[in-house]
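Working notes for the structure below.
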Amino acid sequence: MFNMLRMDLRRLFKSRSFKIILLVTAALILMVSLLTAVVSDPETLDKMGASGAELDETDRQMAEEIRSMTQLGLTHETLGGGFLLIVVGIGVTLFASHDFSSGFVKNICCAQPRRAIYVLSKVLTAGVYSGILTILGITLVLLAPHLYGMHLLPSTIFDILQYTFWMWLPNWAFGVMALFMVLLVRSSTLGILMSLASGLGLTAAVSQVLPYLLRLPYPSPYFLSSVVRSQCLPQPYPSQMWTVFLCSAGWALAYLAGSLLIMEKRDI
């Protein structure tokens, strides 16, 4: 088990897709932070208004709200829309699908006939992958404002670590979902599309149609994208912590069980 995990981690850190995902994530976060700094700067707004741009009181109120945010408040506004879910899903999809596209999975399963070990190794690798992206994303959002001259209200180290942990759990579960999709369809394209749809909340929105027609409770608040948006807050209440933990664990275990079943029943 540990030998396979060590092999997967070594392959992960050497893979080109992993490095590209990290660079793209960093670049997008820095661009969003730059845009946030621009639209929240009063002098910039005055220059834009003087040059003929249409600005109203709402724009200036929004700029004031950004300047009055805490560090974690801005972090949640930047990452709470599901961005990290998408990059984790795409990254795990590319990493796991490479085994099938290259035929490497046949060699692995010949060397290690117990396919459950293969799945568990990939699940733990997805945990490392999502952890690295979560830490990278939060760290960049916290540090980037200083590069652009923004001075936000500081958040405590405890709150930052707590927020990182609660963001990591659904990201990990989402990575397990991406692994399940790869094992199910054996296609990186479909896996990436599923990651985009789920991360953006489209699947949660579609899931409301049938309950609405039948007047049943909506399941969408328990989707991972909804959990990240509404429960992974900078200072969550105990009830919100339990919601994040139970939803993340529940979805991860469901996708893990599905992955194990698929690997045992289907030919490689």
Side-chain angles (χ1 to χ4, degrees), residues 12 17-18 20-33 35 74-97 122-123 125-141 163-185 187-209 218-233 240 243-256 258-259:
L12 172 65
S17 63
F18 175 67
I20 292 175
I21 289 290
L22 292 182
L23 289 175
V24 170
T25 300
L28 290 176
I29 290 177
L30 291 175
M31 289 173 59
V32 170
S33 298
L35 180 60
L74 180 62
T75 301
H76 185 67
E77 288 295 322
T78 304
L79 303 178
F83 171 72
L84 288 179
L85 291 177
I86 294 173
V87 294
V88 168
I90 293 176
V92 173
T93 296
L94 293 175
F95 177 73
S97 64
K122 288 293 187 291
V123 168
T125 303
V128 174
Y129 204 133
S130 58
I132 292 173
L133 284 172
T134 302
I135 293 173
L136 174 66
I138 292 176
T139 301
L140 285 176
V141 178
Y163 182 77
T164 302
F165 176 75
W166 293 119
M167 281 290 286
W168 170 62
L169 286 182
N171 288 336
W172 186 4
F174 201 85
V176 180
M177 183 210 75
L179 172 64
F180 168 76
M181 289 300 301
V182 170
L183 298 179
L184 179 65
V185 301
S187 170
S188 60
T189 302
L190 291 177
I192 290 172
L193 291 176
M194 186 62 186
S195 295
L196 288 170
S198 299
L200 292 172
L202 298 180
T203 53
V206 172
S207 71
Q208 299 185 87
V209 176
Y218 293 136
S220 57
Y222 305 104
F223 279 52
L224 293 173
S225 59
S226 301
V227 168
V228 168
R229 287 178 173 85
S230 61
Q231 306 297 326
C232 296
L233 302 177
Q240 293 170 320
T243 300
V244 175
F245 177 78
L246 292 176
C247 289
S248 300
W251 284 111
L253 290 174
Y255 288 126
L256 172 60
S259 300

From W168 CH2 over to C232 SG, what is the distance, rounded to the nearest 0.5 angstrom?
12.5 Å

How long is the span from the CD1 atom in I138 to the OG1 atom in T75, to the nearest 0.5 Å?
7.0 Å

Contact summary for L224 and S248, nearest pair of heavy atoms:
CD2-CA, 4.1 Å

For I29 and F83 the tightest heavy-atom approach is CG1-CE2, 3.9 Å

Compile the donor-acceptor pairs under 3.5 Å between side chains in residues 169-181 and protein atoms, sequence neighbours left out, one pair per line.
from, atom 1, to, atom 2, distance (Å)
N171, ND2, T134, OG1, 2.9
N171, ND2, M167, O, 2.9
W172, NE1, V123, O, 2.9

What is the distance from atom CG of L74 to atom CG of L79, rounded to the nearest 0.5 Å?
9.0 Å

Enter the distance from T25:OG1 to L30:CG here, rounded to the nearest 0.5 Å.
10.5 Å

Test log, rule ring-ring contact (aromatic ring centres under 6.0 Å, His included), inputs F223 and W251
CA-CA 8 Å; F223 279 52; W251 284 111; 5.7 Å; yes

From L184 atom CG to L190 atom CG, the distance as rounded to the nearest 0.5 Å:
9.5 Å

For V244 against Q231, the heavy-atom pair lying closest together
CG2-CB, 3.6 Å

Sequence-distant partners of Y255, side-chain hydrogen bond (donor to acceptor under 3.5 Å, both in side chains), two or more places apart:
none

For the side chain of S226 and the backbone of S220, is there at least one donor-acceptor N/O pair under 3.5 Å apart?
yes

Is any side-chain heavy atom of S225 closer than 4.5 Å to a side-chain heavy atom of L200?
no

Tell me if the OH atom of Y222 is crowded by more than 12 foreign heavy atoms within 6.0 Å.
no

Measuring from L94:CG to S188:OG, what's the distance to the nearest 0.5 Å?
6.5 Å

Heavy-atom closest pair (I21 atom, L133 atom, distance to 0.1 Å) is CG2-CD2, 3.9 Å

What pair of heavy atoms forms the shortest contact from H76 to V228, and how long is it?
CE1-O, 3.5 Å

Go through the steps to decide whether V88 and Y129 satisfy the test side-chain contact (heavy atoms from CB on, under 4.5 Å), and finish with yes or no.
CA-CA 7 Å; V88 168; Y129 204 133; 5.6 Å; no

Which pair of heavy atoms, one from T93 and one from S195, lies closest together, and at what distance?
OG1-OG, 3.9 Å

